[in-house]
Q: 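Quick one: structure below, then a few questions.
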Amino acid sequence: MLRLSNVSYTVDGKDILSSIDLTIEAGESVVITGHNGSGKSTLIKIIMGIITPTSGNIYLNGEDITDLPIYERAKRGLTIAFQQPVKFKGLTVKNLIDTATSHSNNVSDVCDYLSKVGLCAKNYIDRELDDTLSGGELKRIEIAMAMAKGGEVYLFDEPEAGIDLWSFEELTSVFDALGDKTRVIVSHQEKVIATADRIVVLSQGKVDRVGETSEIMKSLYVSRTCARLGGDK
Ligand SMILES: Nc1ncnc2c1ncn2[C@@H]1O[C@H](COP(=O)(O)OP(=O)(O)OP(=O)(O)O)[C@@H](O)[C@H]1O
Ligand SMILES: [Mg+2]
């Protein structure tokens with residue numbers, strides 16, 4: 001279980017996150033959504049330990065991990081998929097997967113990870129991680145790397161970014177394949193949002209709404225329609 005208790009983050013007097021209380025059960029899939037700048041990426045970074053909250057605490061399975069560095073959190077099963085994998089001259093896709101698993105994988109294992117994210121493995125396994133890979137390809141490789149690393153709690157920040165609309169089914173099946181793992185997914189996309197057990201809507205650094213997916217999806221639809229019609233919510 002992952003629990004955020006009264007988490008706030010302030011930079012130069014600006015409240016980016018304010019008093020966030022959130023409990024995510026083991027095995028649950030939670031989507032965090034909300035307007036640009038509402039604090040979603042900041043929240044993910046705080047959970048992973050990339051930034052430290054100004055106040056409040058984060059607990060993983062009852063342990064207070066607020067002051068633990070990223071690698072200690074990773075050891076405890078937190079895994080993050082960044083927007084893009086690290087690019088190093090000479091580093092191939094297979095090297096990256098080997099780094100994630102901390103051992104050399106045989107080709108068929110690497111192929112499995114790549115095909116899960118919809119990449120034809122033989123075309124990519126020896127590709128260098130450089131600017132010749134497209135945004136969507138890099139994103140898929142990043143997700144494959146997170147899956148190869150393994151873990152108990154997966155954090156994805158806009159996994160759909162750069163992935164074409166036609167590949168959405170594949171992407172949602174990646175989340176399904178993580179079955180019993182805890183997933184915290186930042187997304188703006190209806191199809192990704194619909195895969196969640198619960199949705200958290202952030203607004204100006206605060207939890208605006210949280211609830212079952214079907215219930216919140218309806219309210220998101222109403223908010224959008226009213227916004228188009230010039231209403232409040
Ligand atoms: N270190 C910082 N210094 C100043 N402002 C910051 C800092 N980090 C984040 N912010 C601001 O905090 C707000 C929330 O940023 P964040 O990246 O969490 O938003 P987001 O919800 O992920 O948005 P998007 O949907 O565009 O990705 C933004 O207005 C951002 O400019
Ligand atoms: Mg963001």
Side-chain angles (χ1 to χ4, degrees), residues 2 22 24 28-48 50 78-87 93 96-97 100 113-121 123-124 127 129 131-151 153-179 181-203 207-214 216-221 223-224 227:
L2 180 68
L22 193 61
I24 299 171
E28 201 181 13
S29 168
V30 170
V31 162
I32 300 174
T33 194
H35 287 297
N36 296 134
S38 54
K40 305 177 297 298
S41 296
T42 305
L43 191 62
I44 291 288
K45 287 180 197 156
I46 281 180
I47 295 172
M48 194 66 218
I50 296 162
L78 278 169
T79 297
I80 190 165
F82 290 105
Q83 173 136 20
Q84 293 206 335
V86 190
K87 289 185 248 171
V93 172
L96 188 79
I97 302 281
Y113 292 124
L114 293 175
S115 50
K116 274 189 192 135
V117 294
L119 292 177
C120 176
N123 295 338
Y124 290 94
R127 281 280 294 271
L129 290 155
D131 292 335
T132 63
L133 286 159
S134 77
E137 288 167 339
L138 282 166
K139 187 80 205 185
R140 286 160 191 253
I141 291 164
E142 175 64 22
I143 294 172
M145 181 179 162
M147 295 184 79
K149 182 195 165 286
V153 180
Y154 286 82
L155 310 171
F156 294 100
D157 192 354
E158 297 198 36
E160 71 266 19
I163 296 202
D164 62 276
L165 209 57
W166 316 112
S167 306
F168 257 88
E169 300 291 318
E170 281 168 11
L171 183 68
T172 54
S173 70
V174 168
F175 301 133
D176 289 342
L178 289 171
K181 309 292 183 194
T182 310
R183 285 144 287 161
V184 185
I185 307 166
V186 170
S187 181
H188 294 285
Q189 270 296 335
E190 212 163 309
K191 281 197 176 171
V192 177
I193 296 174
T195 64
D197 299 319
R198 274 193 306 149
I199 299 175
V200 176
V201 184
L202 282 191
S203 175
V207 174
D208 181 50
R209 274 167 285 172
V210 52
E212 299 286 316
T213 299
S214 53
I216 300 286
M217 289 278 283
K218 262 187 261 160
S219 77
L220 288 176
Y221 182 74
S223 305
R224 223 171 40 201

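Numbers here simply count residues along the sequence, with the first being 1.
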Q: Of all the heavy-atom pairs spanning Leu78 and Met48, show the shortest one and how long it is.
A: O-CE, 3.5 Å
Q: Which heavy-atom pair separates Arg183 from Phe175 by the least distance, and what is that distance?
A: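 What the structure gives for the nearest pair is NH1-O, 3.0 Å.
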Q: Taking all non-hydrogen atoms of both residues into account, name the closest pair between Gln189 and Ser187 and its distance.
A: N-OG, 3.0 Å
Q: Quick one: does any side-chain atom of Lys40 pair with a main-chain N or O of Glu158 as donor and acceptor, under 3.5 Å?
A: no
Q: Check side-chain contact (heavy atoms from CB on, under 4.5 Å) between Asp197 and all other residues, then give those that pass, not counting sequence neighbours.
A: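 Here the qualifying residues are Glu28, Ser29.
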Q: To check you understand the geometry: which heavy-atom pair defines the closest contact between Gly34 and His188, and what is its length?
A: O-CE1, 3.2 Å
Q: Taking Val117's backbone N and O only, do any of them form a donor-acceptor pair with Arg140's side chain (distance below 3.5 Å, no angle check)?
A: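 Pair found, side chain donor or acceptor close to backbone of Val117.
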Q: Can you confirm whether Ile216 sits close enough to Val200 that some side-chain heavy atom of one is under 4.5 Å from a side-chain heavy atom of the other?
A: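 A side-chain contact under 4.5 Å is absent here.
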Q: Looking at side-chain heavy atoms only, is the closest gap between Ile32 and Val184 below 4.5 Å?
A: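 Side chain of Ile32 against side chain of Val184, heavy atoms only: contact under 4.5 Å found.
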Q: For a 4.5 angstrom cut-off between non-hydrogen side-chain atoms, does Ile50 reach Ile80?
A: yes
Q: Looking at every heavy atom in both Arg127 and Leu133, which two are closest together, and how far apart are they?
A: NH2-CD2, 3.5 Å
Q: Which heavy atom of Val192 sits nearest to which heavy atom of Glu160, and what is that distance?
A: CG2-OE1, 4.3 Å
Q: Could you measure the distance from the OG1 atom of Thr33 to the CG atom of Asp208? Nearest 0.5 Å is fine.
A: 11.0 Å
Q: State which residues pass side-chain contact (heavy atoms from CB on, under 4.5 Å) with Lys149; sequence neighbours excluded, sorted by chain then number.
A: Ala74, Thr79, Ala100
Q: Using side-chain heavy atoms (C-beta onward) and a distance below 4.5 Å, is Val207 in contact with Leu202?
A: yes
Q: Could you state the interatomic distance from CG (Leu114) to CD1 (Ile141), rounded to the nearest 0.5 Å?
A: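 With rounding to 0.5 Å, CG (Leu114) is 7.0 Å from CD1 (Ile141).
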Q: Thr182: which residues meet the side-chain contact (heavy atoms from CB on, under 4.5 Å) condition with it, sequence neighbours left out?
A: Ile24, Ala26, Val153
